[in-house]
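The structure appears below as structure tokens.
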Amino acid sequence: MYRARFLQGAGYIMTVVVFTEKNKAASQIANILSGGKPDRKLVEGVPVYMFRRNGQEWQVMGLSGHIMGYDFPQELNNWRSVDPAILIDTRPIKTVTKKPFADAIISLAREADAIILACDFDREGENIGFEAKELASRVSRAPVKRARFSSLSDSEIIKAFDNPVEPDAAMAMSAEARQILDLKMGAAFTRYLTLAVRERARTKEILSIGPCQTPTCGFVYERDKAIKEFNPEDFWKIEALFHAKDMDFKGVHRAGNIKDKAKAAEIFDRIRAGKTGLVTKKSVTEIKTNAPYPLNTTEFLKRASKFLNISPESALEIAEQLYLNGFTSYPRTETNKYADDFDFKSKVIAFTSTEYRDHALAILSGGDIVVRNGIKDGHDHPPIHPIKAVAVKEVEKAVKTEGAGKIYDLIARHFLANLMPAALFEKTHLEITVEKELFDSSGSIMKNEGWMVVYPFETKNDKLLPDIKEQDEVKVKKLENIASKTTPPKHLTEAELLTLMDKHGIGTKATAPSHIETNKKRGYFETKGKTIVIQETGFILMDALSTSIPVVVKPEIRASIESLVQEVEDGSKDLEHAVAEGTELIKMMYSRLTESRDSIVSRLAGSINDGTATDDKKNYIGKCPDCGRVLRIISTEKGRFVGCTGYPQCRNSYPLPREGALSVLRSKNCKKGGAAVIKVGNKYCWAVGIGPCFACDLMKKCFPPEVVGPCPICDGEMCLVTTKDSRFLGCSNRCGRTQSLPQEGRLTVLERKCEVCGWKMIRIKEKDKEAIEKCVNRSCGKDQGKKRLST
DNA sequence: GCAAGGTC
């Protein structure tokens with residue numbers, strides 16, 4: 001500054017140095033501020049853009065995100081010799097991780113008369129700017145200012161650089177607090193757990209814990225636990241098939257899902273003779289469905305997974321490629337709301353020369369363009385939208401990454417959809433009375449496609465009802481009392497997981513996919529198509545942690561660090577106090593971890609080195625309730641029993657019957673808590689730890705005979721009897737009535753009943769043949785009941 | 001070798 005003022009009189013030209021978050025931003029900002037084409041040079045291999053502005057020499061350089069990072073001092077890097085607890089009390093050291101950038105900063109700073117930090121307008125951006133500021137301060141006393149802008153539009157950039165503000169130290173320090181606390185916790189917990197498990201199981205795997213990855217896994221665990229613990233309940237549903245005006249349509253009894261079998265039977269008895277129904281009420285309502293909000297990163301990743309089956313990780317990578325090639329806008333944004341002065345019209349016009357032509361023309365002919373805007377404004381970047389209007393083929397030619405065309409298509413269609421009117425549906429509800437009982441039928445017809453015309457990803461099937469009025473009569477074609485069971489919740493999809501993470505503030509717009517990847521890499525969960533399924537190690541770890549340190553498995557861990565970080569940003573707490581408080585918190589959790597070492601480790605060790613025992617399907621019984629390892633059938637010369645792989649530490653064992661071939665019935669769960677149910681020969685079943693099933697009062701509940709229909713000659717029921725080399729139907733009263741069954745193929749008794757005789761239907765699937773469904777009753781003459789299935 | 005956050 002001193003030098004500048006002194007030299008200015010002698011024709012000295014002030015040099016303004018600008019640091020942006022990345023090269024792309026540097027070049028764009030230089031373009032805007034220079035009003036033309038800036039010169040470009042390389043400093044230490046880093047591009048710098050130069051131009052004259054207001055009589056000053058400007059030099060704009062892009063950083064590469066963080067160019068510094070925290071780590072522990074060298075001497076703490078030996079996992080074996082350093083107690084992980086020490087890490088918690090050690091202040092990590094910040095060092096340069098990208099030297100060329102640091103060198104370039106220093107080189108530019110030497111010549112600078114003024115420095116402007118121009119990174120993204122968020123916490124990490126402020127912090128990245130401060131990394132440059134700190135390096136510059138080593139060689140320069142030039143004043144440092146901050147340009148704040150939330151998009152790279154000309155007007156906003158010029159405004160930001162004409163009115164620079166003071167850098168926000170509190171905001172920058174808040175990110176510092178996050179980095180330090182994340183590292184302390186992650187490193188200490190991960191090292192401790194990994195080393196503890198290695199004492200018991202031979203593995204090179206790392207078992208990591210972190211304030212984002214662990215709650216992410218926690219979401220998956222909670223869902224899969226609910227699935228595991230789910231108990232199906234019976235319910236009955238009374239359905240009618242109506243007919244009017246040449247059309248069949250369905251109705252459901254108003255009682256919906258009836259849990260009480262007797263009640264369902266009673267209702268069904270009242271109506272079963274009904275031949276006609278009366279339309280007692282009809283209502284028609286019009287429903288508007290708005291286009292979804294513009295795409296921010298989270299929403300984009302969710303839709304790419306849901307509609308295109310592209311994982312969040314690769315969707316973000318593809319979007320990055322599209323962005324770098326100028327097809328779409330910056331993919332990392334929280335904002336789902338366009339700026340007031342956003343120029344939609346010229347973009348839509350550009351689309352008139354692409355395959356989206358018809359949609360673009362429809363928008364242009366609809367008068368003023370109205371955008372369907374969201375409500376989130378992260379003051380960062382505009383929603384993800386197309387920059388260039390091109391054909392999908394051109395995108396695929398330029399960007400070779402698989403899925404690039406599909407992603408572009410989604411972004412383009414979403415953009416156009418945001419400019420189109422709402423879709424209109426007409427929903428019709430009919431109340432139909434049969435024998436004084438009420439049935440409901442509903443239908444839906446699309447009246448106006450609106451934005452959905454350009455958005456084929458959402459399904460919009462019409463459900464039609466005949467055009468009938470109140471007091472019209474309809475024919476009853478069929479009435480059914482359908483027995484069903486409640487179904488367990490479904491596994492989480494990636495889209496749902498992203499929603500949960502977003503809702504609980506786990507990770508940022510750019511990092512959510514990486515936390516999912518980390519968990520996969522660790523073997524905690526895996527993706528099967530769009531759904532996510534927990535794996536043994538992940539389940540046991542989450543299960544163990546949720547009893548000893550529940551906050552770690554829940555989003556609370558992130559929230560408590562976040563609230564400290566927020567206080568630093570607000571200025572209500574300084575960095576040192578926040579780090580001290582956070583450290584105390586981590587210490588408390590760490591001591592819970594060490595206290596429960598044995599229970600966590602013994603269970604985890606089982607999941608890791610007992611892989612072979614688990615894979616031994618023939619002898620695998622289940623988890624040992626004492627130590628969490630693996631129970632299996634052990635046969636010796638002296639006899640056989642169920643024992644634990646944890647032997648000799650764990651001496652848990654259970655007796656088995658001496659005689660008979662054993663086969664574990666995987667689908668049966670012993671209701672008295674037996675570890676598994678084993679079939680002994682063809683005679684009886686045996687619950688491990690409980691004893692023979694025939695001696696159990698719950699036998700009939702666990703092994704209900706498969707009833708297929710009434711016995712034709714007595715009041716008994718015909719049941720499926722399966723022996724080692726045959727299967728047939730026999731009367732439950734043992735009156736002597738039997739019936740043979742097809743002996744070949746896999747036989748399944750279906751819930752559905754034959755429409756003619758009321759016996760159950762069966763399904764036979766022979767190898768290399770199509771499955772056949774037919775009535776099980778040989779005396780039932782109905783051959784039409786036979787149906788070939790496509791499988 | 002450990003976390004999470006930037007960016008390529």
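Quick note on labels: first sequence line is chain A, next is B, and so on, each numbered from 1.
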On DNA chain B, does the nearest nucleotide to Asn77(A) precede the nearest nucleotide to Tyr330(A) from the 5' side, or the other way round? Give the residue. Asn77(A)
What's the closest nucleotide to the side chain of Ala187(A) if the choices are dA3(B), dC2(B), dG6(B)? dC2(B)
Between atom CG in Asn325(A) and atom C1' in dC8(B), what is the gap in whole Å? 13 Å
Under 3.5 Å donor-acceptor, Asn336(A) side chain and Ile375(A) backbone: yes
Interface residues of residues 93-108 of chain A with DNA chain B (non-hydrogen, below 4.0 angstrom): Lys98(A)
Could you tell me whether Gly62(A) contacts a base, only the sugar-phosphate backbone, or nothing, with contacts defined as non-hydrogen atoms closer than 4.0 Å? nothing
Interatomic distance where NZ belongs to Lys204(A) and P belongs to dC2(B) [whole Å]: 15 Å
Pro92(A) backbone acceptor or donor facing Thr90(A) side chain under 3.5 Å: no
So with a 6.0 Å cut-off around CD of Glu402(A), is the heavy-atom count from everything else above 12? no
OP1 or OP2 of dA3(B) versus the side-chain N and O atoms of Ser208(A): is any pair under 4.0 Å? yes
Presence of Thr508(A) side-chain N/O under 4.0 Å of dG6(B) phosphate oxygens OP1/OP2: yes
Could you work out which one of dG1(B), dG5(B), dA3(B) sits closest to the side chain of Trp79(A)? dG1(B)
Check the distance between dG6(B)'s C1' and His66(A)'s NE2 and give it to me in whole angstrom. 5 Å
Applying a 4.0 Å non-hydrogen cut-off, can you work out what Ile209(A) is touching in the nucleic acid: base, sugar-phosphate, or nothing? sugar-phosphate
Is any side-chain N or O of Arg80(A) closer than 4.0 Å to OP1 or OP2 of dC2(B)? no
Once the angle between the rings of Phe149(A) and Phe161(A) is folded into 0 to 90°, is it parallel (under 30°), tilted (30 to 60°) or perpendicular (over 60°)? parallel
Compare the minimum distances between each of dG1(B), dA3(B), dG5(B) and the side chain of Arg198(A), then state the nucleotide with the smallest one. dG1(B)
For Tyr70(A), answer base if it contacts any base atom (sugar-phosphate contacts may also be present), sugar-phosphate if it contacts only those atoms, and nothing otherwise; contact means non-hydrogen atoms under 4.0 Å. base
Given atom CG of Leu117(A) and atom P of dG6(B), what is their separation to the nearest angstrom? 17 Å
Taking the nucleotide of DNA chain B with the nearest heavy atom to each, does Glu320(A) or Leu195(A) sit closer to the 5' end? Leu195(A)
In whole angstroms, how far is the C1' atom of dA4(B) from the CD1 atom of Ile206(A)? 16 Å
Glu75(A), CD atom: more than 12 neighbouring heavy atoms under 6.0 Å: yes
So do Ile516(A) and Glu313(A) actually touch side chain to side chain, heavy atoms under 4.5 Å? no
Would you say the base of dC2(B) and the side-chain of Asp71(A) have a donor-acceptor pair closer than 3.5 Å? yes
Across the strands shown, which category fits Gln179(A) at heavy-atom distances under 4.0 angstrom: base, sugar-phosphate, nothing? base
Interatomic distance where CG belongs to Leu585(A) and C1' belongs to dA3(B) [whole Å]: 16 Å
Are any of His515(A)'s side-chain N or O atoms less than 4.0 Å away from OP1 or OP2 of dG5(B)? yes
Taking the six-membered ring for Trp, are Phe327(A) and Tyr408(A) parallel (under 30°), tilted (30 to 60°) or perpendicular (over 60°)? perpendicular
Can you tell me how far P of dA4(B) sits from CG of Asn127(A), to the nearest Å? 17 Å
Would you find more than 12 non-hydrogen atoms of other residues, nucleotides or ligands less than 6.0 Å from Lys302(A) atom NZ? yes
Name the nucleic acid region contacted by Pro84(A), choosing base, sugar-phosphate or nothing; use a 4.0 angstrom heavy-atom cut-off, strictly under. nothing
Considering just the side-chain nitrogens and oxygens of Arg332(A), establish if one lies under 4.0 Å of OP1 or OP2 belonging to dT7(B). yes
Do the non-hydrogen side-chain atoms of Val395(A) and Asp409(A) ever get within less than 4.5 Å of each other? no
Asn23(A) atom CG is separated from dC8(B) atom P, nearest whole Å, by 7 Å
Could you tell me whether the phosphate oxygens of dC8(B), OP1 or OP2, come under 4.0 Å of any side-chain nitrogen or oxygen in Ser64(A)? no
